[in-house]
Colleague: 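Handing you a structure now.
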Amino acid sequence: MRRVQQPMEQQQRGKNTALIVLAAFERGEDGDLRPAFEAQQMPSWDDAVARAKLMSPSYAGVIALKMPANPDEGEFGKPEVLWQHGEAPDLE
């Protein structure tokens, strides 16, 4: 019997996966650290780290993270830092 393969989206649904995220931070006029833009999901570790390195001279802090996630259930695990330059808020 031949097995029919489901599209990748259907295979991933309901399963745990890892999100790779890139975030940058800047200092506001009050001196407080704040997000420079909404965190961006990246396609791979390599892409996240390479882009973070390119962005690092322009921001007070840049960080590339990996976190276990089950987006369908809204569950996200503890983030793991892949690469960081400068300042970033605590991840707790």
Side-chain angles (χ1 to χ4, degrees):
M1 181 183 271
R2 186 173 159 219
R3 183 175 177 206
V4 177
Q5 191 162 2
Q6 297 176 345
M8 185 61 88
E9 182 179 320
Q10 289 179 352
Q11 291 176 20
Q12 296 286 333
R13 198 172 292 149
K15 293 184 179 180
N16 287 337
T17 187
L19 292 179
I20 308 298
V21 179
L22 173 67
F25 303 92
E26 61 189 5
R27 290 255 172 227
E29 290 181 18
D30 58 3
D32 289 342
L33 201 58
R34 63 177 185 205
F37 52 81
E38 189 172 330
Q40 299 175 352
Q41 186 173 346
M42 301 299 291
S44 72
W45 295 19
D46 291 336
D47 290 334
V49 171
R51 187 155 178 205
K53 287 179 178 180
L54 287 173
M55 294 171 58
S56 64
S58 301
Y59 295 95
V62 180
I63 190 167
L65 305 167
K66 171 188 145 187
M67 68 179 74
N70 184 342
D72 292 341
E73 301 295 323
E75 298 172 353
F76 299 92
K78 183 177 178 182
E80 174 187 337
V81 175
L82 302 174
W83 189 86
Q84 179 177 344
H85 176 78
E87 301 174 81
D90 290 333
L91 302 175
E92 298 299 321

Colleague: Hey, quick one: are Trp45 and Val81 part of the same hydrophobic cluster, counting side-chain heavy atoms closer than 4.5 Å, chains of contacts allowed?
Modeller: no

Colleague: Is Phe25 reachable from Met42 through a run of I, L, V, M, F, W or Y residues, each pair having side-chain heavy atoms under 4.5 Å apart?
Modeller: no

Colleague: Could you state whether Val49 and Leu65 fall into the same hydrophobic cluster, counting links through intermediate Ile, Leu, Val, Met, Phe, Trp or Tyr residues with side-chain heavy atoms under 4.5 angstrom apart?
Modeller: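 In one cluster: no.
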
Colleague: Got a second to check how far Phe37's CZ is from Met55's CE, nearest 0.5 Å?
Modeller: 3.5 Å

Colleague: Roughly how far, to the nearest 0.5 Å, is CH2 of Trp83 from CD1 of Ile63?
Modeller: 10.0 Å

Colleague: Return the CG to CD distance between Leu19 and Gln41, rounded to the nearest 0.5 Å.
Modeller: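 Leu19 CG to Gln41 CD: 5.0 Å, rounded to 0.5 Å.
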
Colleague: Please name the pair of heavy atoms, one in Gly31 and one in Arg27, separated by the smallest distance, quoted to 0.1 Å.
Modeller: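 Looks like O-NH1, 2.5 Å.
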
Colleague: Any side-chain heavy atom of Leu22 sitting closer than 4.5 Å to one from Val62?
Modeller: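 A side-chain contact exists here, since the closest heavy-atom pair is under 4.5 Å.
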
Colleague: Between CG of Leu82 and CE of Met67, what distance do you get to the nearest 0.5 Å?
Modeller: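 The CG atom of Leu82 sits 10.0 Å away from the CE atom of Met67.
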
Colleague: Would you say that Pro89 contacts Leu33 through its side chain, given a criterion of any heavy-atom pair below 4.5 Å between the two side chains?
Modeller: yes

Colleague: Just verifying a value: how many Å separate Glu26 CD and Arg34 CZ, rounded to the nearest 0.5 Å?
Modeller: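 One gets 4.5 Å once the value is rounded to the nearest 0.5 Å.
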
